[in-house]
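Have a look at the structure below before the remarks.
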Amino acid sequence: MATAAAVSVDAIPAPDAADGVGALAELIEHSLVTRDDDTGTVTRYRMLEPVRRHAVETLEPVDREHVRRGVARWALRAGREHGVAIRGRGDMTAVEQVEADRHVLRLGFDHLADTGRYDDAAELLWSLWLPLWMTGHTHEGLAWTNRLYEDDLSGQGRARWLVARAGSERAMRLAERIDDASLAAEAAIFASAAALRLEDFDGSRTLLARAEALMRKRLDVERDVWAAVHVPIGQGDGALLRGDRAAAARHWRVAADTARKLDSEFSVPAILAECARAARGEGRLDDAAVMLAAAELVPEGDGHKPRAHLAGVAAAVAADLGDVASARWWERAGDTEPAPDSDEFGARFRELVRRADTVTGRD
């Protein structure tokens, strides 16, 4: 615990659990540890930074190594559990948990890499890649990949490492060769997205078709919700870049229907909001507006749209379009309780699309 910024009781290795919980209670009693923000059902505790630094400095090297090994064991176990929960069930609580644990998980990854456990490090990296990507930490994830070298990895480790480097056809072929259909589908989806950025529409469609075939093979054995939902999302993105907005909306509705049928926690509107944020970053304001409008229309499994999230992205798009009044309305809408009703949101999104089309010269 001395080298970790925050920890949960669950993070204490099992053999030391009884002593660890008692020590934790004593630290809390002496105000050396404070209760951190809770994520889901996990209660977390944070050691005050001056105390943490003092603990690190005073630990004997052998004790410091023992702590780091414990963090690495916990990180690998937690990463596996989170990866399964996210890919298999679309568990968004697991995504939030990775966000909360990110810095401690990095400590575990670093120890695995430093001690030559390269395949374990690659497994942890791959397990965490999706939640890092989903929470906007893509560049951090890529920095993790730079700690590993392809020649040090087994076939499976190499495929996982390549997927975490944003996927490639090579990663897909390597995963197929080791008969890992889920990993191959994930690599194909990311490779398809890369092809789209190069405007290789035929190549992107071919890769998504391969991902769909692999995903169906996987679903015969075990549900892989992430792939099942992201194949139609990728198809929608391709249709949008080709200028076929109606087809894009149909694919995104299929994604939402798939998430609901598989009883997953994936929020297609939230995914579209992140796609819209990325499109805005690329200067594609008209596409960003279309994605936001579609997010308002596609069905949500629990009936609750992430409207604050959508409004935040919409405010940024409106500001980029020079529509100050609209940007302010979206900012207020994101903070207002109760939020404006669906009809008003829908009308505002349609106006945002019209404004974006006018400014970008589409009209």
>> Arg284: which residues meet the salt bridge (Lys or Arg N to Asp or Glu O under 4.0 Å) condition with it, sequence neighbours left out?
In response: Glu282, Asp287

>> Minimum heavy-atom separation for Val225 and Ser264, please, with both atom names.
In response: CG1-CB, 3.3 Å

> Does Leu128 reach the side chain of Trp144, with side-chain heavy atoms less than 4.5 Å apart?
Replying inline: yes

>> Quick one: does any side-chain atom of Asp180 pair with a main-chain N or O of Leu183 as donor and acceptor, under 3.5 Å?
In response: yes

> Minimum heavy-atom separation for Gly157 to Asp119, with atom names?
Replying inline: CA-OD1, 3.9 Å

> Are the side chain of Arg350 and the backbone of Ala293 linked by a donor-acceptor contact shorter than 3.5 Å?
Replying inline: no

> Between Leu76 and Glu123, does a side chain to side chain contact (heavy atoms under 4.5 Å, CB included) hold up when you go through it step by step?
Replying inline: CA-CA 8 Å; Leu76 188 56; Glu123 181 183 2; 4.2 Å; yes

>> Any donor-acceptor pair under 3.5 Å linking the side-chain atoms of Glu186 with those of His230?
In response: no

>> Holding to salt bridge (Lys or Arg N to Asp or Glu O under 4.0 Å), I want the full list of residues that pass it with Asp179, two or more places apart in sequence or in another chain.
In response: Lys217

>> With side chain to side chain contact (heavy atoms under 4.5 Å, CB included) as the criterion, how do Asp91 and His82 come out once you've worked through the C-alpha distance, each side chain's angles and the decisive distance to 0.1 Å?
In response: CA-CA 8 Å; Asp91 187 346; His82 293 327; over 6 Å; no

> How long is the span from the CG atom in Asp286 to the CZ atom in Arg355, to the nearest 0.5 Å?
Replying inline: 13.5 Å

> With respect to Leu105, which candidate in Leu132, Val98, Leu125 satisfies the side chain to side chain contact (heavy atoms under 4.5 Å, CB included) definition?
Replying inline: Val98

> Relative to the ring of Phe345, is the ring of Trp330 parallel (under 30°), tilted (30 to 60°) or perpendicular (over 60°)?
Replying inline: tilted

>> Side-chain heavy atoms nearer than 4.5 Å, only ILVMFWY residues, links allowed to pass through others: does that put Leu272 and Leu262 together?
In response: yes

>> Could you report the tightest heavy-atom contact between Leu208 and Gly234, atom names first, then the distance?
In response: CD1-C, 3.5 Å

>> Between the side chains of Arg68 and Asp114, is the shortest nitrogen-to-carboxylate-oxygen separation below 4.0 Å, so that they form an ion pair?
In response: no

> If Ile, Leu, Val, Met, Phe, Trp and Tyr residues are connected whenever their side-chain heavy atoms lie under 4.5 Å apart, and connections chain through other members, are Val359 and Leu352 in the same group?
Replying inline: yes

> When rounded to the nearest 0.5 angstrom, what is the spacing between CZ in Arg87 and OG in Ser182?
Replying inline: 7.0 Å

> Does one hydrophobic cluster hold both Val231 and Val254, with members joined at side-chain heavy-atom distances below 4.5 Å?
Replying inline: no

> Are Trp133 and Ile271 in one and the same hydrophobic cluster, where Ile, Leu, Val, Met, Phe, Trp and Tyr link if side-chain heavy atoms are under 4.5 Å apart?
Replying inline: yes

>> Looking at Arg242 and Asp237, is there a salt bridge between them, counting it only when a charged N and a carboxylate O are closer than 4.0 Å?
In response: no

> Between Trp126 and Phe109, is the ring centre distance below 6.0 Å?
Replying inline: no

> Which distance, rounded to the nearest 0.5 Å, do you find between the CZ of Arg80 and the CG of Leu124?
Replying inline: 9.0 Å

> Given the rule in the side-chain hydrogen bond (donor to acceptor under 3.5 Å, both in side chains) test, do Arg277 and His309 qualify, once you have shown the distances and angles that lead to the verdict?
Replying inline: CA-CA 10 Å; Arg277 190 191 302 277; His309 190 183; 3.2 Å; yes

>> Minimum heavy-atom separation for Ser326 and Ala318, please, with both atom names.
In response: OG-CB, 3.8 Å

> Is there a donor-acceptor pair under 3.5 Å between the side chain of Thr115 and the backbone N or O of His111?
Replying inline: yes

> For residues 314-325, which residue pairs qualify under salt bridge (charged side-chain N to carboxylate O under 4.0 Å, His left out), counting only residues two or more places apart or in two chains?
Replying inline: Arg280-Asp320

>> Taking atom OH as the centre, does Tyr149 end up with more than 12 heavy-atom neighbours from other residues, nucleotides or ligands that are less than 6.0 angstrom away?
In response: no

> Rounded to the nearest 0.5 Å, what separation is found between the CG atom of Leu162 and the CD atom of Glu169?
Replying inline: 12.5 Å

> Where is the tightest heavy-atom contact between Val163 and Ala187, given as atom of each residue plus distance?
Replying inline: CG2-CB, 3.6 Å

>> I want to check something: taking the side chain as every heavy atom from C-beta on, are Arg210 and Leu214 in contact at a cut-off of under 4.5 Å?
In response: yes

> Can you tell me how far the CZ atom of Phe190 sits from the CH2 atom of Trp129, to the nearest 0.5 Å?
Replying inline: 6.0 Å

> Stepwise, does the side chain to side chain contact (heavy atoms under 4.5 Å, CB included) test hold for Trp252 with Leu240?
Replying inline: CA-CA 11 Å; Trp252 292 331; Leu240 182 62; 3.9 Å; yes

> From Arg160 CZ over to Ser154 OG, what is the distance, rounded to the nearest 0.5 angstrom?
Replying inline: 8.0 Å

> Is Leu130 linked to Val229 within one hydrophobic cluster, defined over Ile, Leu, Val, Met, Phe, Trp and Tyr using a side-chain heavy-atom separation of less than 4.5 Å?
Replying inline: yes

> Salt bridge between Arg106 and Asp110, side-chain N to carboxylate O under 4.0 Å?
Replying inline: yes

> Any ion pair linking Arg354 and Glu351 (charged N to carboxylate O, less than 4.0 Å)?
Replying inline: yes

> Within a strict 4.5 Å, meaning less than it, do heavy atoms of the Gln235 and Arg205 side chains meet?
Replying inline: no

>> Using a 6.0 Å distance limit plus a 45 degree cone around the ring axis, check whether Arg348 lies over the aromatic ring of Trp329.
In response: yes

> Is any side-chain N of the basic residue among Arg102 and Glu140 closer than 4.0 Å to the acidic one's carboxylate O?
Replying inline: yes

>> Show the nearest heavy-atom pair for residues Ala289 and Val353, with the distance to one decimal.
In response: O-CG2, 3.5 Å

> Where do Thr145 and Arg165 land on the side-chain hydrogen bond (donor to acceptor under 3.5 Å, both in side chains) test, with the steps shown first?
Replying inline: CA-CA 7 Å; Thr145 69; Arg165 293 183 71 85; 2.8 Å; yes

> Considering only heavy atoms from C-beta outward, does the side chain of Val104 approach that of Val71 to under 4.5 Å?
Replying inline: yes

> Does CG in Asp151 sit with more than 12 non-hydrogen atoms of other residues, nucleotides or ligands closer than 6.0 Å?
Replying inline: no

